[in-house]
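One structure below.
Every chain is numbered from 1, with letters handed out A, B, ... down the list of sequences. Any value given below was found using the heavy atoms of this structure, including those in side chains, with hydrogens, waters and symmetry copies removed.
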There are 2 protein chains.
Amino acid sequence: MTKIDDRFYTVPELAENLGVTPRTIRFYEQKGLVAPQRAGTTRIYTRQDRARMLIILRGKRLGFTLKEIADYLDLYGADPTQAEQIKMLLTRVRERIDALEDQRQALDVTLDELREIEQQSIDALKEKGLDPVA
Amino acid sequence: MTKIDDRFYTVPELAENLGVTPRTIRFYEQKGLVAPQRAGTTRIYTRQDRARMLIILRGKRLGFTLKEIADYLDLYGADPTQAEQIKMLLTRVRERIDALEDQRQALDVTLDELREIEQQSIDALKEKGLDPVA
DNA sequence: AATCAAAGTGACGTTAACGTAAACTAATTG
DNA sequence: CAATTAGTTTACGTTAACGTCACTTTGATT
């Protein structure tokens, strides 16, 4: 018998557990990313809710907007085979990979230009008899 | 005798010439980055003003904020030897290089994670007998 | 029942770099 | 001289993802 984790979390507890602020969790709810049940007015988060939050946070880490994450999650559960969901994920992930590779390219170009300016600055200071380190 | 470029620009002309909108130029003035003379109410930009704009635009391309660019430009002209200006520039440029190198690192990590997800998605679709390309 | 901490609910603030729209004024053109 | 064209001014709008307050509500405890 494996013990199932049937623990419930309140907002502050879940926030603590996930390393985010309570405001963030409530904000996500307002954006339709999570929909916890209530006990009176208090939000109750199950392990499934927590799993959803983890997906959201991973999405954020990977640079997706909350809107994109919401679109993805909308298929979650509404798609028995989950094929559509995975296809959509694959599409978005590939878009993001392309975007990041472009960014990487641009970043390298910028770095080169900055290094050139750095060198020019060093040279200029040397000509004035100044130490570029100081 | 070299012909000097003593042409003057109005806001829309300079904007056109630099590939920015008039609003941008006026915005920079409001932020204290440029201070063109006036002919009545109309702004008059000299070649020096244009040079300043080019510096600003380069700074932007390199990822500096308008505030940082403004600080840099404040030394421009107020520093006869220009040594301080160059030192400051060097400091900022190095900071920016460090930041971008960090960014590059993070970006690579993210890319790896995305590629992993891509692969997992492909595998999942294949197991369902679906073509990951479609 | 009074109290008290915890949770919730607006609602406005923040940041950066402009965009947009409306209303003005000044100068030129027919 | 009226109309058009240019340029200016002012102020609010935009975007994303929350932060920060101030205030109210609840459920629980004494």
Side-chain angles (χ1 to χ4, degrees), chain A residues 7-46 49-50 52-73 92 96 99 103 110, chain B residues 7-46 49-50 52-73 92 95-96 99-100 103 110:
Chain A
R7 192 149 47 113
F8 295 132
Y9 299 84
T10 66
V11 162
E13 283 169 3
L14 185 61
E16 165 71 24
N17 182 276
L18 296 176
V20 300
T21 69
R23 178 71 179 95
T24 297
I25 295 180
R26 296 195 187 102
F27 179 74
Y28 289 171
E29 178 175 355
Q30 200 179 317
K31 287 288 169 181
L33 293 167
V34 283
Q37 291 191 272
R38 302 275 183 133
T41 65
T42 300
R43 282 165 250 249
I44 302 298
Y45 295 87
T46 65
D49 292 323
R50 191 179 110 91
R52 253 181 107 88
M53 279 296 301
L54 287 176
I55 292 176
I56 295 168
L57 296 179
R58 186 172 75 156
K60 281 213 54 192
R61 254 192 307 117
L62 297 176
F64 293 100
T65 66
L66 293 184
K67 178 70 171 68
E68 290 172 319
I69 297 170
D71 289 345
Y72 171 73
L73 286 174
R92 299 296 170 220
R96 184 100 187 101
Q103 250 188 261
T110 299
Chain B
R7 194 147 48 113
F8 295 132
Y9 300 84
T10 66
V11 162
E13 283 169 2
L14 185 61
E16 165 71 24
N17 182 276
L18 297 175
V20 300
T21 69
R23 179 69 180 96
T24 298
I25 296 180
R26 296 194 186 102
F27 180 73
Y28 289 171
E29 177 176 355
Q30 199 179 318
K31 288 288 169 181
L33 293 167
V34 283
Q37 291 191 272
R38 303 275 183 133
T41 64
T42 300
R43 281 166 250 248
I44 301 298
Y45 294 87
T46 66
D49 292 323
R50 183 172 178 283
R52 251 181 109 89
M53 278 297 300
L54 287 176
I55 292 176
I56 295 168
L57 295 178
R58 185 172 77 155
K60 280 215 55 193
R61 255 193 309 118
L62 297 176
F64 292 101
T65 66
L66 293 184
K67 179 69 171 69
E68 290 171 321
I69 296 170
D71 290 345
Y72 171 71
L73 286 174
R92 299 298 170 218
E95 284 173 1
R96 184 100 189 101
L100 287 188
Q103 250 188 261
T110 298

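- Across the protein-nucleic acid pair, A/L14 atom CG and C/dA6 atom C1' stand 16 Å apart, rounded to whole Å.
- Here A/R61 pairs with B/E113 under the salt bridge (charged side-chain N to carboxylate O under 4.0 Å, His left out) rule; sequence neighbours left out.
- With sequence neighbours excluded, the residues forming a salt bridge (charged side-chain N to carboxylate O under 4.0 Å, His left out) with B/R92 are B/E95, listed by chain and number.
- Distance B/I56 CD1 to C/dC18 C1': 14 Å, rounded to the nearest Å.
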Pairs under 3.5 angstrom only: tabulate donor-acceptor contacts from the side chains of residues 33-41 of chain B to other protein residues two or more places apart or in another chain.
residue : atom : partner : partner atom : Å
B/R38   : NH1  : B/T41   : O            : 2.8
B/R38   : NH2  : B/E29   : OE2          : 3.3

For nucleotides 7-9 of chain D, give me every protein contact, N/O to N/O, under 3.5 Å, one pair per line with atom names.
residue : atom : partner : partner atom : Å
D/dG7   : OP1  : B/T10   : OG1          : 3.2
D/dT8   : OP1  : B/R43   : N            : 2.7
D/dT8   : OP1  : B/R43   : NE           : 3.2
D/dT8   : OP2  : B/R26   : NE           : 3.2
D/dT8   : OP2  : B/R26   : NH2          : 2.7
D/dT9   : OP1  : B/R38   : NH1          : 3.2
D/dT9   : OP2  : B/R43   : NH2          : 2.4

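- Between the axis at the start and the axis at the end of the helix from C/dA1-D/dT30 to C/dG30-D/dC1 there is an angle of 40°, using five pairs per end and rounding to 10 degrees.
- The side chain to side chain donor-acceptor pair (under 3.5 Å) check on B/K67 picks up B/D71, with sequence neighbours excluded.
- Shown here are the salt bridge (charged side-chain N to carboxylate O under 4.0 Å, His left out) partners of A/K31, two or more places apart in sequence or in another chain: there are none.
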Identify all side-chain donor-acceptor contacts of residues 11-21 of chain B below 3.5 Å with residues at least two apart in sequence or on another chain.
residue : atom : partner : partner atom : Å
B/E13   : OE1  : B/T10   : N            : 3.1
B/N17   : OD1  : B/R50   : NE           : 2.8
B/N17   : OD1  : B/R50   : NH2          : 3.0
B/T21   : OG1  : B/T24   : N            : 3.2
B/T21   : OG1  : B/T24   : OG1          : 3.0

Any protein N or O atoms within reach of nucleotides 16-22 of chain D? Criterion: under 3.5 Å, listing atom names and distances.
residue : atom : partner : partner atom : Å
D/dA17  : OP1  : A/L66   : N            : 3.3
D/dC18  : OP2  : A/Y28   : OH           : 2.6
D/dC18  : OP2  : A/K60   : NZ           : 2.8
D/dG19  : OP2  : A/T21   : OG1          : 2.7
D/dG19  : N7   : A/R23   : NE           : 3.3
D/dG19  : O6   : A/R23   : NH2          : 3.2
D/dT20  : O4   : A/R23   : NE           : 3.1

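- Going from atom OH of A/Y9 over to atom CE of A/M53 covers 12.0 Å, rounded to the nearest 0.5 Å.
- By the salt bridge (charged side-chain N to carboxylate O under 4.0 Å, His left out) test, A/R52 pairs with no residue at all, sequence neighbours left out.
- If you measure from atom CD of A/E16 to atom C1' of C/dA7, you get 16 Å, rounded to the nearest angstrom.
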